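Only one structure is covered here, and it is reproduced in the block below.
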Amino acid sequence: MLKIKNIFSYDTVIGKIFIAEKDNKITNLYFKKPDDLKDYSFCETKILKDAALQINMYLKGKLKKFNLDLNPEVSVYTKKVLDELAKIPYGQTISYTDLAKKISNSAHTRSAASANGRNPLPLFIPCHRVIRANGDIGGYLGGIKIKKLLLELENAK
């Protein structure tokens with residue numbers, strides 16, 4: 001029997017977000033209500049409440065590192081990318097090319113950037129800290145406005 005994930009919505013300074021968990025581990029963060037909720041139970045759990053509290057502290061500049069059990073349900077390659085993203089320090093940025101080099105080599109910049117864009121746990125796993133080699137901020141699942149806000153919040157360099 002498939003265990004259903006729990007999901008709950010929270011208001012933040014960047015708008016309403018939806019956080020999901022399964023087996024007491026955070027699996028997803030959405031910047032808008034997911035289109036398909038058939039695998040979810042709309043229920044606030046302790047870990048979801050804690051995740052929302054940490055996000056709000058982060059967005060107020062009072063938290064620099066999340067302390068949560070995360071379990072993104074992704075491919076092996078995307079997991080490697082997410083593991084590298086998690087190593088980017090608060091207030092620092094790297095380029096998509098640098099990200100690819102850390103995983104394999106610079107010839108795979110597009111695949112690394114694509115995996116970065118499929119991050120199911122934005123904010124918790126800081127994909128907003130990856131920018132283009134020319135200094136442009138690039139895209140973001142939550143939108144450019146939110147990415148700019150997050151980089152400004154962190155005073156990213």
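Predicted model only: the values in this text are computed from it and were never measured.
Between Ser95 and Arg132, the closest heavy-atom pair is CB-C, 4.2 Å. Taking both residues in full, the closest heavy atoms of Asn116 and Tyr96 are given as ND2-CE2, 3.6 Å, listed atom of the first, atom of the second, then distance. In this structure, Lys33 and Leu37 approach most closely via the heavy-atom pair CE-CD1, 3.3 Å. The heavy-atom pair separating Asp35 from Lys32 by the smallest distance is OD1-NZ, 3.8 Å. Across every non-hydrogen atom of Ala112 and Val81, the tightest pair is O-CG1, 4.0 Å.
You'll find the side chain of Lys22 stays beyond 4.5 Å of the side chain of Asn71, heavy atoms only. For the pair Ile17/Phe31, a side-chain contact is recorded, criterion being any heavy-atom separation below 4.5 Å from C-beta on. When side chains are defined from C-beta on, Pro34 counts as touching Ile7, because their heavy atoms get closer than 4.5 Å. Here the side chains of Thr97 and Lys101 are in contact, with some heavy-atom distance below 4.5 Å. Looking only at side-chain heavy atoms (C-beta outward), Asn6 and Ile47 stay at 4.5 Å or farther from each other. Gln54 places a side-chain heavy atom less than 4.5 Å from the side chain of Asn67. Counting only heavy atoms from C-beta outward, the side chains of Pro126 and Tyr90 never approach each other to under 4.5 Å. Counting only heavy atoms from C-beta outward, the side chains of Leu141 and Asn119 never approach each other to under 4.5 Å.
For the atom pair OG of Ser75 and NZ of Lys80, the computed distance is 10.5 Å after rounding to the nearest 0.5 Å. The line from OG1 of Thr93 to CZ of Arg129 is 10.0 Å long, rounded to the nearest 0.5 Å. Considering CZ of Phe42 and OG of Ser9, their distance stands at 3.5 Å, rounded to 0.5 Å. One distance of note links CG of Asp98 with CD1 of Ile103; it measures 11.0 Å at 0.5 Å rounding. Atom CD of residue Gln92 and atom CG of residue Asn155 lie 10.0 Å apart, to the nearest 0.5 angstrom. Going from atom OH of Tyr10 over to atom CG of Leu29 covers 11.0 Å, rounded to the nearest 0.5 Å.
Judged by distance alone, the side chain of Asp50 and the main-chain N or O of Lys46 form no donor-acceptor pair under 3.5 Å. With Lys147 contributing its side chain and Gly139 its backbone, the two residues share a donor-acceptor pair below 3.5 Å. With Ser111 contributing its side chain and His108 its backbone, the two residues share a donor-acceptor pair below 3.5 Å.
Using a 30° and 60° split on the angle between ring planes, Phe124 and Phe66 fall in the perpendicular class, above 60°. Taking the six-membered ring for Trp and thresholds of 30 and 60 degrees, His128 and Tyr58 have ring planes inclined between 30 and 60 degrees apart.
Paired with Ile26 under the rule side-chain contact (heavy atoms from CB on, under 4.5 Å), one option of Ile125, Asp69, Ile19 passes, and it is Ile19.
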Full working for side chain to side chain contact (heavy atoms under 4.5 Å, CB included) between Leu59 and Leu150: CA-CA 8 Å; Leu59 292 171; Leu150 297 173; 3.8 Å; yes
Check step by step if side chain to side chain contact (heavy atoms under 4.5 Å, CB included) holds for Asp39 and Lys5. CA-CA 6 Å; Asp39 293 331; Lys5 295 179 187 179; 5.9 Å; no
Checking side chain to side chain contact (heavy atoms under 4.5 Å, CB included) for the pair Leu99/Glu84: CA distance, chi angles, key distance, verdict? CA-CA 7 Å; Leu99 176 63; Glu84 286 302 321; 3.8 Å; yes
Would Leu123 and Ile14 satisfy side chain to side chain contact (heavy atoms under 4.5 Å, CB included), going step by step from the backbone distance to the final call? CA-CA 11 Å; Leu123 299 181; Ile14 59 171; 4.2 Å; yes
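With respect to Lys87 and Asp83, no salt bridge is recorded, no charged nitrogen being found less than 4.0 Å from a carboxylate O. Look at Lys25 and Asp23 and you find no salt bridge, because none of the NZ, NE, NH1 or NH2 atoms lies under 4.0 Å from a carboxylate O.
Donor-acceptor pairing under 3.5 Å is lacking for the side chains of Arg110 and Ser114.
The distance between the ring centers of Phe8 and Phe18 does not fall below 6.0 angstrom.
Other residues, nucleotides and ligands contribute at most 12 non-hydrogen atoms within 6.0 Å of the NZ atom of Lys64.
Other members of the cluster containing Leu151 are Ile131, Ile137, Ile144, with ILVMFWY side chains joined at under 4.5 Å, either directly or via other members.
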